[in-house]
Structure formats: C-alpha cells, structure tokens
Amino acid sequence: MKNEQFFEMIKERNSTRVFDASTEISSSEITELLDAAMTAPSAWNLQHWKFVVFHGENAQGKLLPVAYNQGQIKDASCVIAVLADTQSAKNVDLVFGPAVEAGFMTQEAKDKLKANVENAYATEQRNREQGILNSSLAGMQLIMAASAKGWNTCAIGGFNEQAFKETFLTDERYIPTMLIAIGKEKVPGHHTTRFSAKEMSIWI
C-alpha cells in the first residue's frame, strides 16, 4: 500500500527552533507517540532503548540546565530523552520466552539465538555502539510519529551527558542518546540545504 502523504510529510519536516510555550500536549498523546516509537526495528528485536519523559514546567525546568539552557527545552510541550540500553542482551528471555511458551519457537532455537546474541555483544564497546544505533531508530520513529500527528519536533544532541546520568538515571545500564523536543512551532522552521542522493550514494 502506497502512502504518498508520508513522502510529503518527510519533505516538509524540519527542526523547530522556537516553540509556542502556550501549547500543551496530554499524557495520552505522549503515550500514543511512544507506542509508535516502540514498533521501530532493532537488532534481534532486542529493543535497545528506554524513554524518559519531561512533561510540564517543573520537569522541563529540571532538564533545562543539563541541556545548556536551550529555549526548546522549556518552551516545547514536552521533551523526551531517548536512552540507549547498553545491556540489551539481557532482553533475550523477555523477548523470546513468550514465543517459546506459545509454540512459535523451540527452546533449542531460543538457546542458540541467545548464545549468538551474547557472542555478538561480548564487549562494552559493542554494547554501547549497538545501544546508540538501535535507540536512534526509535528516536527517528518517534519524530515521524509526532510529525504524522501534526506536532513539530527538534532532535537535540547538545546536552551534558554526565550531568544527565547523574541527575536522572540510577541504572548505569542506560545512557542518553538524544533529546526530542515536541510541540507547536512559534517561528516556522526553514528549509535547509540537502545533498542529493546521487552525491551521497555509492552504487556497487
């Protein structure tokens, strides 16, 4: 099934620098966007992400100094931090156990898959890299879901990672990948220069 509206949406999408601080978003709307982000692809379906939701003046105010006092943080309707799971191999039993119980997968197949995952994720660097890579897929899907619902967004990489971890995280398993501000634009974003696919593609 083709959806030409999607292609128009991604052409029109841009990063919002100035949000309308008077626009509110409900908790149910945020949950709907997070549910959409949860369907993003991930290696072995391990879902290498977690989300921290900053919703409301108090919560966003706590994030503001950690994100270098950027205006989008306080003026957006909410800000969602996308975290990378650096121990995603631990998700194998949770993800594939139900498949075994339902008869969709044998225990032998699950055990083999688990061994493959643990072998692939044997180093700290590999776990970190895969956490960031796969959580970025969820972040992009969150942005697309927000765009489809008529919200404007801004992906933000400018924040103090160490301060974020010390302030908001208690489990060293997770590290922040990006912040995504969601709201309604007060000042329309402008189109940016993009390289062509021809310039950025190598065909073999």
Side-chain angles (χ1 to χ4, degrees), residues 1-42 47-85 131-161 163-164 167-169 174-195 197:
M1 181 180 68
K2 294 182 178 180
N3 188 339
E4 296 299 331
Q5 289 181 324
F6 175 79
F7 288 94
E8 289 301 316
M9 182 188 75
I10 61 175
K11 287 179 182 178
E12 293 299 319
R13 188 210 63 79
N14 52 54
S15 296
T16 295
R17 304 301 180 188
V18 182
F19 287 95
D20 180 356
S22 67
T23 302
E24 296 184 357
I25 186 171
S26 67
S27 297
S28 61
E29 288 175 290
I30 296 172
T31 300
E32 184 179 18
L33 298 180
L34 293 175
D35 282 338
M38 287 300 301
T39 66
S42 61
Q47 301 160 65
H48 316 51
W49 52 71
K50 207 173 190 71
F51 304 106
V52 180
V53 180
F54 298 88
H55 184 209
E57 183 177 354
N58 183 53
Q60 288 166 236
K62 292 178 181 177
L63 178 62
L64 188 60
V66 174
Y68 306 126
N69 296 304
Q70 295 176 75
Q72 298 102 311
I73 300 298
K74 65 181 179 62
D75 293 336
S77 301
C78 72
V79 181
I80 297 174
V82 181
L83 308 183
D85 184 355
I132 293 172
L133 186 158
N134 286 279
S135 61
S136 295
L137 294 175
M140 191 67 229
Q141 186 133 318
L142 177 62
I143 289 172
M144 290 293 96
S147 297
K149 288 292 186 178
W151 294 99
N152 302 110
T153 61
C154 185
I156 299 172
F159 59 92
N160 187 320
E161 179 180 332
F164 186 98
T167 306
F168 303 114
L169 302 181
Y174 300 100
I175 58 175
T177 298
M178 70 181 77
L179 307 175
I180 299 176
I182 300 173
K184 296 290 187 179
E185 62 182 16
K186 185 174 183 179
V187 177
H190 60 83
H191 287 283
T192 54
T193 300
R194 298 286 174 151
F195 296 115

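Heavy atoms only: backbone and side chains are in, while hydrogens, waters and symmetry mates are out. Bear in mind that the values here come from a model prediction, so they are computed numbers and not experimental data.
- The backbone N or O of Gly158 lies less than 3.5 Å from a partner atom in the side chain of Gln70, making a donor-acceptor pair.
- In this structure, Leu169 and Leu83 have side chains that are in contact, with non-hydrogen atoms separated by less than 4.5 Å.
- Side-chain atoms of Asn152 come within 3.5 Å of backbone N or O of Glu185 as a donor-acceptor pair.
- At distances below 3.5 Å, at least one donor-acceptor pair connects side-chain atoms of Ser135 with backbone N or O atoms of Ile132.
- When side chains are defined from C-beta on, Leu33 counts as touching Lys149, because their heavy atoms get closer than 4.5 Å.
- Under the 3.5 Å distance criterion, the side-chain polar atoms of Gln60 are left unmatched by any main-chain donor or acceptor of Val79.
- Two residues are said to be in side-chain contact when any heavy atoms from C-beta on lie closer than 4.5 Å; Lys184 and Phe19 fail this criterion.
- When each of Ile30, Asp20, Ile182, Ile25 is checked for a side-chain contact (heavy atoms from CB on, under 4.5 Å) with Ser77, only Ile25 meets the rule.
- Counting heavy atoms from C-beta on, the side chains of Leu63 and Phe168 come closer than 4.5 Å.
- How far CE of Met178 is from SG of Cys154: 11.5 Å, rounded to the nearest 0.5 Å.
- Judged purely by distance below 3.5 Å, without hydrogens or angles, the side chains of Thr192 and Arg194 pair a donor atom with an acceptor atom.
- For the pair Ser42 (side chain) and Gln47 (backbone), a donor-acceptor distance under 3.5 Å is present.
- At least one side-chain heavy atom of Ile10 sits less than 4.5 Å from a side-chain heavy atom of Met144.
- Not one N or O on the side chain of Lys186 forms a donor-acceptor pair closer than 3.5 Å with the backbone of Ser22.
- Contact check for Arg17 versus Val187: no side-chain heavy atoms found under the 4.5 Å cut-off.
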